[in-house]
Every structure is written in structure tokens, then in C-alpha cells.
Amino acid sequence: MQGYIHSFETFGTKDGPGIRFVLFMQGCPLRCLYCHNPDTWKIKKAKYELTPQEVFQEINKVKAFVRGGVTISGGEPLLQPEFILELFKICKEQNIHTAIDTSGILLNEQVKQVLEYTDLVLLDIKHINSEKYKKLTNASLEPTLKFMDYLASMNKSTWLRYVLVPNYTDEEEDLKEWARYASQFKNVERVDVLPFHQMAIHKWDELNIEYKLRDITPTSLEQKEKAETIFKSFGLPV
Ligand code: SF4
């Protein structure tokens with residue numbers, strides 16, 4: 001079995017606890033307007049096609065440094081659950097911490113199996129308003145909320161992530177609603193507000209895809225702190 005892989009990073013510090021090996025899978029059913037990796041969207045455009053064992057050999061080479069563990073990101077990693085299941089089984093045999101960064105759009109029996117071998121889920125709830133979520137991602141919000149319910153039912157360690165995009169995801173009422181929703185879950189151990197930036201603009205241009213956020217100013221520190229204050233006021237661990 002081979003996984004369609006975009007790339008990997010051997011010194012990741014933003015995708016889970018500690019220094020981590022981060023694997024970026026190819027393929028994503030969402031079309032987020034702010035996507036930093038539009039080059040991951042099409043699964044067949046993968047740069048690498050590797051078996052779980054081959055990826056584990058790469059992890060092994062840097063095992064001494066990546067003490068935090070392994071995170072699988074993307075793209076949407078859960079598009080390839082069989083591959084991840086095999087890789088995570090190997091990781092768990094070696095006592096390596098496992099994390100998945102997902103939009104939560106897919107929940108099926110295979111994904112549920114993957115979650116059994118996943119120590120931490122980084123779940124991106126990109127908006128709390130269904131219509132605005134759809135406009136932002138071209139997908140429905142409902143599967144992500146069901147995914148969150150499932151994580152709660154397992155009491156799975158979860159970090160929530162929210163990309164703060166001026167004019168799109170920064171309205172005060174929406175932030176409060178998002179926080180109200182998130183604060184009901186006891187398995188949410190951490191919340192990260194991620195500032196929007198324009199560093200991926202060249203990727204959209206290279207792929208010749210229309211980029212609608214060209215005129216949006218990157219999130220300021222003040223805007224980020226304001227959102228964090230709202231989240232904290234609902235008791236969220238920001
Ligand atoms: S879910 Fe992630 S990879 Fe997929 S379109 Fe959105 S930001 Fe891009």
C-alpha cells in the first residue's frame with residue numbers, strides 16, 4: 001500500500017507538542033479561500049508515493065531529534081486512512097506519539113480505526129456559521145461538528161484551531177458563538193488562533209487558481225489578541 005504524499009518536515013514545532021516529524025498528505029476535498037497548500041488539493045499530483053514502512057524509515061533517521069512525535073497533516077490526511085492506520089500502528093509499536101491535523105470532514109469506519117491509534121487530534125473548525133463556513137471552504141460544516149462529537153464521545157485529546165481572517169472569520173458575534181460551542185467539550189485541551197498571512201500567494205499564482213483574498217491584510221497582533229480574549233472569556237484554554 002502506498003500513500004500519496006506532498007512533503008515532509010523533520011523539525012516541526014507548530015503541529016502538536018514538542019519537535020515533530022510532520023507528514024503532509026496529498027489530496028483535499030475542501031477549497032478554503034485562505035489555503036496555504038493549494039498544491040495538495042489533487043491527490044494524483046503527489047510528489048511522493050511511499051509505503052508506510054518507507055515513511056517510517058524517514059522518521060527513524062531523525063528519531064533522535066523529533067522527540068515530540070509524528071503529525072500527519074495535509075491536505076486532508078483522512079482521505080487516506082488505510083495508509084495512516086498502518087503508519088500509526090508502526091509508530092505505536094515504537095512508542096511514538098501520534099497526531100492528526102484534520103478538517104474533520106470524513107468520519108467512517110476506517111477513520112474511526114485511525115483514531116484508535118491517534119494520541120492527539122488537531123481539529124480545524126474554520127467557522128461556526130454554516131453559510132459562512134460554506135463560503136470559506138466550499139464544504140458543509142455539519143460533518144466537522146459530527147467529528148467533534150465523536151472525539152468527545154471518545155474523550156480524545158483535541159486541540160482546536162481557528163484561522164483568523166480579517167473580514168471573513170473575525171466578526172465578534174461569530175467568535176463568541178464559536179467559543180460558546182467549543183467550550184462545551186471537556187476533551188479540548190488547547191485552542192490556537194492562527195493569524196492569516198499572504199505567504200502562499202505565489203502557490204495560487206503558479207497553479208493559476210483565482211485567489212480571492214489578495215486584498216486582505218494579514219491579521220495583526222492586536223486582532224489576534226482580541227479574538228484570544230473572547231475565547232478566553234468562555235474559559236477556553238488559549
Ligand atoms: S482543509 Fe487545509 S488543505 Fe484543504 S483546502 Fe482547507 S486549508 Fe487547504
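Just so you know, ligand 1 is whichever comes first in the structure, and atom 1 is the first atom listed for that ligand. Position 1 is the first residue of the sequence; numbering continues from there.
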Could you tell me which atoms of ligand 1, counted from 1 in the order shown, lie closer than 4.0 angstrom to a heavy atom of [X]?
X: W41; result: 5 (S), 8 (Fe)
X: C32; result: 1 (S), 5 (S), 6 (Fe), 7 (S)
X: K126; result: 1 (S), 6 (Fe), 7 (S)

*asked:* With a 4.0 Å cut-off on heavy atoms, is N37 in contact with ligand 1?
replied: no

*So, the side chain of Q80 versus the backbone of P77: is there a donor-acceptor pair under 3.5 Å, distance only?*
no

*Any sub-3.5 Å donor-acceptor pair from T40's side-chain atoms to G75's backbone N or O?*
yes

_Side chains of E189 and S157: any donor to acceptor distance under 3.5 Å?_
yes

*asked:* Do N187 and T158 pair up side chain to side chain, a donor and an acceptor below 3.5 Å, judged on atom types alone?
replied: yes

*asked:* For F234 together with W178, are the ring centres under 6.0 Å from each other?
replied: no

*Measure from atom 8 (Fe) of ligand 1 to each N, O or S atom of H36 and report whether any distance is below 2.8 Å.*
no

Can you tell me which residue and heavy atom of the protein come closest to [atom], and the distance to 0.1 Å?
atom: atom 8 (Fe) of ligand 1; result: C35 SG, 2.3 Å
atom: atom 1 (S) of ligand 1; result: C28 SG, 3.6 Å
atom: atom 3 (S) of ligand 1; result: G75 N, 3.4 Å

_Salt bridge flag under 4.0 Å for residues D174 and K132_ = yes

